2 protein chains.
Amino acid sequence: MGTAPTHSRGVRPPKALLLLPFLLTFVLVGSRGESHAMDNVATERMAEESHRQDSANLLIFIMLLTLTILTIWLFKHRRFRFLHETGLAMIYGLLVGVILRFGVHVPQSTSDLILSCAVNASPATLLVNVSGRFYEYTLKGEVSRSKSHQVQDDEMLRKVTFDPEVFFNILLPPIIFHAGYSLKRRHFFRNIGSILAYAFVGTVISCFVIGLIMYGFVSFMKVVGQLGGDFFFTDCLFFGAIVSATDPVTVLAIFNELKVDVDLYALLFGESVLNDAVAIVLSSSIVAYQPAGDNSHSFEAMALLKSFGIFLGVFSGSLALGVATGVMTALVTKFTKLRDFPLLETALFFLMSWSTFLLAEACGFTGVVAVLFCGITQAHYTYNNLSPDSQDRTKQLFELLNFLAENFIFSYMGLTLFSFQSHVFNPLFIIGAFMAVFLGRAANIYPLSFLLNLGRKNKIGSKFQHVMMFAGLRGAMTFALSIRDTATYARQMMFSTTLLIVFFTVWICGGGTMPMLSFMSIPVGVDSDQENSSAVLDGSQRRNTKHESAWPFRIWYTFDHNYLKPLLTHSGPPLTATLPSCCGPLARCLTSPQAYENEGRLHDDDSDFVLNDANVSCMYADVTVSTDASGSHTINRKRSSTASTGCGPTDEGLDQDLALAEHEVAIRGTRLVLPMDDPVELPTTVTLPPPPSPPHSDPRRHRL
Amino acid sequence: MGTAPTHSRGVRPPKALLLLPFLLTFVLVGSRGESHAMDNVATERMAEESHRQDSANLLIFIMLLTLTILTIWLFKHRRFRFLHETGLAMIYGLLVGVILRFGVHVPQSTSDLILSCAVNASPATLLVNVSGRFYEYTLKGEVSRSKSHQVQDDEMLRKVTFDPEVFFNILLPPIIFHAGYSLKRRHFFRNIGSILAYAFVGTVISCFVIGLIMYGFVSFMKVVGQLGGDFFFTDCLFFGAIVSATDPVTVLAIFNELKVDVDLYALLFGESVLNDAVAIVLSSSIVAYQPAGDNSHSFEAMALLKSFGIFLGVFSGSLALGVATGVMTALVTKFTKLRDFPLLETALFFLMSWSTFLLAEACGFTGVVAVLFCGITQAHYTYNNLSPDSQDRTKQLFELLNFLAENFIFSYMGLTLFSFQSHVFNPLFIIGAFMAVFLGRAANIYPLSFLLNLGRKNKIGSKFQHVMMFAGLRGAMTFALSIRDTATYARQMMFSTTLLIVFFTVWICGGGTMPMLSFMSIPVGVDSDQENSSAVLDGSQRRNTKHESAWPFRIWYTFDHNYLKPLLTHSGPPLTATLPSCCGPLARCLTSPQAYENEGRLHDDDSDFVLNDANVSCMYADVTVSTDASGSHTINRKRSSTASTGCGPTDEGLDQDLALAEHEVAIRGTRLVLPMDDPVELPTTVTLPPPPSPPHSDPRRHRL
């Protein structure tokens, strides 16, 4: 078969235009590297030119971000709250998109060639013999022939469109990690049951509701003749999966700023963080859902089960991996004195967190999900071991990465509306999608809230339900999932529609949150960390909070407090006290000297958990000594005696309460449960610690 | 011409294996993106597999870095100083290289094909028609036919070898920026003349000396028959350019830790930072040096001149760009109240600094050089405008990036010794190179020191000269420059030799610095910031320090102090005082309110410049009011009255001294020069500020 070098115009972007610093530079790498070994001066010059062009294009994005930052500042400075920074970034992106689309027209370079050859598969690497010289080519992907002559005729627009996998591999991980790392764990854990229900059950409900509604719409459109291509039931489900993930960014920034009720905040934040993970795994399971009869796209039980199995496997695998690397980091930071060198510590933390992503991807799990749970683990354990300096550094580092990635995604979203060249806007489909999204969200929130309220002591009020309904913004994850694959007609239509949904929810729902809150007369200005001290809490109310958690979580609390925290961090009771005596030597070896020191003043990061009237207890100094060594703890597989010397219901106290709920001896104040039979080393003096303070403000904490 | 799909083994790495977080993820992107639009399941699976393989490979590097960090900690903990962390990183890299080379053998995937076609040039993009479907391929580079069947047969080794441009576009910029940003400007500026001499004149001398010696050697080798390929005079010069750049990392870390004499430190650090910039521009000028008769590689005056012109143009262009973006950042941070939001401020700082790189690359200058001067400018001006929080954040961010990039480069260096598959070790050439490097360094240091000592009051002693000679390590820049192009025989030989030079200097010279210092009995333990307070300095000695700077720098000091600092930062005297009265309104508009406030307590970041007996002056409170409005300043192009109310020879005081050196009125203590004729607003009360303190510890500074 002969080669026919014909000129083709418009293929997929030859070079991903990458945005973040690192990314950017890589483009340069790519373009320069290509010209590397050729001593053809013309080619060299062309590559140089393309390199410059890439740099210039990237500058556009940097300028865009800089502008966004300045405007955000202006808004914050003037206290404009009707538009969040992400909405702002989108507007700027939109403007630049319009300019690029209608203002600039760079003609397509005509350097593309078409070769025909009799190869069966497309190899990853091609060696092309050009008049005696060999050039290496690497595979970029398939090009749909029909499209290549149609729309994508603008070099500039092609340049600013970049590989969607960038979102998954570069932009989302820091955002998701930051979400996990900055999670307010006290409120999160207090509402964990409800959060899990909304995130898992709710997202699946929403996915199926949206999928079914859309299938109805699509069928109707097919009848009416409005559909320009295939649209299978799996596509509908896929659409349901990608638009079910709510965004943890926009509303929550507003909620955080306004200091809305902490439980509402925890529910929304927890749900949106976890349902990102659920949506990503759900959508990939749906893609993997392949009924026996290939391409039939019909419903089949076995395939569904298999798909569900994939979902569970991938999710739990990613979770386990994320937790595992988090735990490893905790162990390393605990058993080395790395804390003397904050730079080393921060670097280690960063590398370990990043390796989670790699490890998950290498094992075939989902890196983004692993990174979320790694973030939570790091915050729960490793954070306690870090030096105060590193604590600040890591927080600030991930805050910055998160900020840059987030604003980039949102401005790119704006840009895409005009720069993406295969939009399919179908009014009927769009109307259907908006309805479906609305109904799906309703089917998630209202029935689940009803069911949850049956079990919850602290009911989720109807006002809260309305706010949760309203605040279900779609954001970065939805966008990333929908841009991942825009090869088919169905996917293109989905992408265009998703874009509109994101715009609508971010601008209208995001901007309307403030009026909504005041309309609902939901209290604003509650200090999330101090709320308990300002509110008048009597004993029974406090116990309510504890009882709210279901028993599995109470077991978990106790286990975490007695074994994991002491093992992985410098805080908690010494392992020598919690492990049975047969493990004595091991326990002594694993317990850090600080654990004994800290015993008296246990207020680690989990002062999150500290109910603030602990202070009051301390003032009263009502030290109640209770002897409880009867081994009657709910989870005691072995006869363990817990020794906890702490000031009142600190983290430790609270955990204790959860385990001893049935036979609580001391209602409030400091408790000292003395072991009667185990010959473990215990400090015999009860030292009254200073009142608990937030982790950051206590420089003595965990100092060696 | 027919296509002949034959299997080929061993081409250049199809995919750059990238290391830093961002990089890594990009690889994933690359590999996944490729499989994107194909619904060929087999190809999809292959891409998936390759993606996993890439992640796993990257994990190796992460683990390598993690290990390095832990060992560094151990070394620091145990106070081992004979091996610096970079040397350590190299050793680990070496070990992994050995394992990969001899332990693991992944057979080459046989998916590469060779197509022959009658194309004249090699296009950047290829569309290949594979049985009716179109696949896009992008150009990677030329492959030397002979090699492709020889050495590169190991998939694993290919995978860990990545595009050398990564060094220039991702790894070097943060390192160089950090060097500029963390420059100790007091000592740097005090020795600026000598530093510039060593960095510019010295590096050029060294380059030519090495080039000539190598040319002699190579000619000899040609006669003896030891040379396996072409080696032109320009190659020799290029070699001279790349091995002339000394490394600012290794020795200086040791010097900093040991607190060696500050002037010696400043000389070495300043030289090595600047000569990186010189070497990079010099080497690219030599590559651009193309005598009229193409490929003649002989000496020609015009081409040399042109090359020199390129050198000057690129260098000054990059410098100007770097300074320009730095100044812009300073202006933005000064005139907005961005400091209220440290996150925004840090993000802006980061983006602006990064845009320097892009801008320079887009304009055809050298990004790395621009980034260096941007760093210096940011430190000199912008840093003063940042909120204390952002000051910490930016420092820590770039410290981390620098640390990661540096350790990555050094461990990659170690790896390369075994993983690079085209090494050419020529014993004769290596011996020659070591001699040449030694002699080139000697030809830089000794004659220049002799000449400089003629002009310097504070002589550079012969011991210092020996240390500078000895401490001329070659590091990251040399490596990056030499790996950039390894296409020809000459370049391969250079690369292999350079690698050995780097190993030798880092391990032997780096490790030998301590013994060297004690052998030379050079005092250790001098606190660079406190040295003046510990040393007994009388007035005349202090004035020596000032006079050391040549007049151009004195002019610069005054200009900077009177106009630039007030314009770009919140510190310095108000512009209303320094600008002529006709510019009054403009000056008032440009002067920040803080300038008036700060007038009384001027100790900004340039407390670097603060000679510490200022404290003593403050104690004595000997306020000397001197009336000096005679317009007799050395540089006064216009009649300017300077008003400076400060405690003793602060930055301002010192600058003042430099300008008023001839007619200094007050020898020590606080000076208040009152303007006699200009109707500018001046605070009329002389407030005695608290003693100057380091910038970080003063939270009041620049607070709004």
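Throughout, protein chains are lettered first and strands after them, A, B, ... in sequence-line order, and every chain is numbered starting at 1. Quantities reported herein were computed from a predicted structural model and do not represent experimental measurements.
Side-chain atoms of B:I72 and A:F341, non-hydrogen and from C-beta on, never get closer than 4.5 Å to each other. Annotation: side chain of A:E361 is in contact with side chain of A:F357 (closest heavy-atom distance under 4.5 Å). Counting heavy atoms from C-beta outward, A:S390 and A:T346 have side chains that approach closer than 4.5 Å.
Each of A:V332, A:L359, A:L344 has some count of heavy-atom pairs under 4.5 Å with chain B, and the biggest count is that of A:L344. The greatest number of non-hydrogen atom pairs below 4.5 Å with chain B, out of A:P174, A:A347, A:A56, is found for A:A347. Ranked by heavy-atom pairs under 4.5 Å with chain A, the first of B:H77, B:E399, B:M352, B:E345 is B:E399. Of the residues considered (A:C363, A:S355, A:A360), A:S355 shows the highest number of contacts with chain B, using heavy-atom pairs under 4.5 Å.
With a 4.5 angstrom heavy-atom cutoff, A:D389 touches chain B only via side-chain atoms. When heavy atoms are compared at a cutoff of 4.5 Å, B:L397 approaches chain A solely by way of its side chain, counted from C-beta outward.
In this structure, B:F408 and B:F167 have parallel ring planes: the angle between them is below the 30° cut-off, well short of the 60° mark.
Summarising the geometry, atom CG belonging to B:L70 is positioned 10.5 Å from atom CE belonging to B:M63; distances are rounded to the nearest 0.5 Å.
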